[in-house]
Amino acid sequence: QVQLVESGGGLVQAGDSLRLSCATSGLTFGNYAMGWFRQAPGKEREFVAGISRSGGSTYYADSVKGRFAISKGNDKNTVYLQMNSLKPEDTAVYYCAAGRWATTQTMAIMTSYDWWGQGTQVTVSS
């Protein structure tokens, strides 16, 4: 049974940092590209960051480029999202996702992913 479990969300002030984790089980971690998406109240879910199966390629939404960093901890079957210089507009539920065939060309597309976590809330106050 495949499971993706996010953690690390919380309430912070603008300019603060948070590190989200997504622990995976039931899949061969190295065979999957991983992505982070977010959904703010009343808005569509949007792509945030993605990392290739090997971890050698990363891809970011323009809104977070230079502030967020995605990484893979292969020894722990976990993907991380380091979020720095947080802004109120980063407030959302953050979801991780695993895609067996997602590539750097497709990792921004939700349908590229096979498995999703339940999400973790990030709230940034001004």
- Query: Is there a donor-acceptor contact under 3.5 Å from the side chain of Asn84 to the main chain of Ser17?
  - Reply: no
- Is the backbone of Lys76 close enough, under 3.5 Å, to the side chain of Thr78 for a donor and an acceptor to pair up by distance? yes
- Note on the structure: To the nearest 0.5 Å, atom CD of Gln82 lies from atom CD1 of Ile70 at 12.0 Å
- Query: Hey, which of Val48, Thr120, Val122 is the one that makes side-chain contact (heavy atoms from CB on, under 4.5 Å) with Leu81?
  - Reply: Val48
- Any chance you could measure Met107, atom CE, to Trp36, atom CH2, to the nearest 0.5 Å? 14.5 Å
- Message: Please say yes or no: joined through hydrophobic side-chain contacts below 4.5 Å, possibly via intermediate residues, are Tyr60 and Phe37 part of one cluster?
- Response: no
- Query: Is there a donor-acceptor contact under 3.5 Å from the side chain of Arg38 to the main chain of Phe47?
  - Reply: no
- Side chain of Thr91, backbone of Val124: donor and acceptor closer than 3.5 Å? yes
- Quick check: does any side chain N or O of Ser112 sit under 3.5 Å from a backbone N or O of Thr106, one acting as donor and the other as acceptor? yes
- Any ion pair linking Asp62 and Lys65 (charged N to carboxylate O, less than 4.0 Å)? yes
- Message: Grouping I, L, V, M, F, W and Y whenever their side-chain heavy atoms are under 4.5 Å apart, do Met110 and Trp115 come out in a common cluster?
- Response: no
- Atom OG in Ser71, atom CE in Met34: separation rounded to 0.5 Å? 11.5 Å
- Message: Quick check with a 6.0 Å cut-off and a 45 degree axis cone: is Arg53 positioned over the face of Tyr32's six-membered ring?
- Response: no
- Query: Under 3.5 Å, side chain of Ser54 to main-chain N/O of Gly56, donor-acceptor pair present?
  - Reply: yes
- Plane angle bin for Tyr94 and Phe68 - parallel if under 30°, tilted between 30 and 60°, otherwise perpendicular: tilted
- Query: Taking atom types as modelled, is there a side-chain donor on Gln121 or Thr123 under 3.5 Å from an acceptor on the other?
  - Reply: yes
- Query: For Cys96, does its backbone N or O pair with a side-chain atom of Glu6 as donor and acceptor, under 3.5 Å?
  - Reply: yes
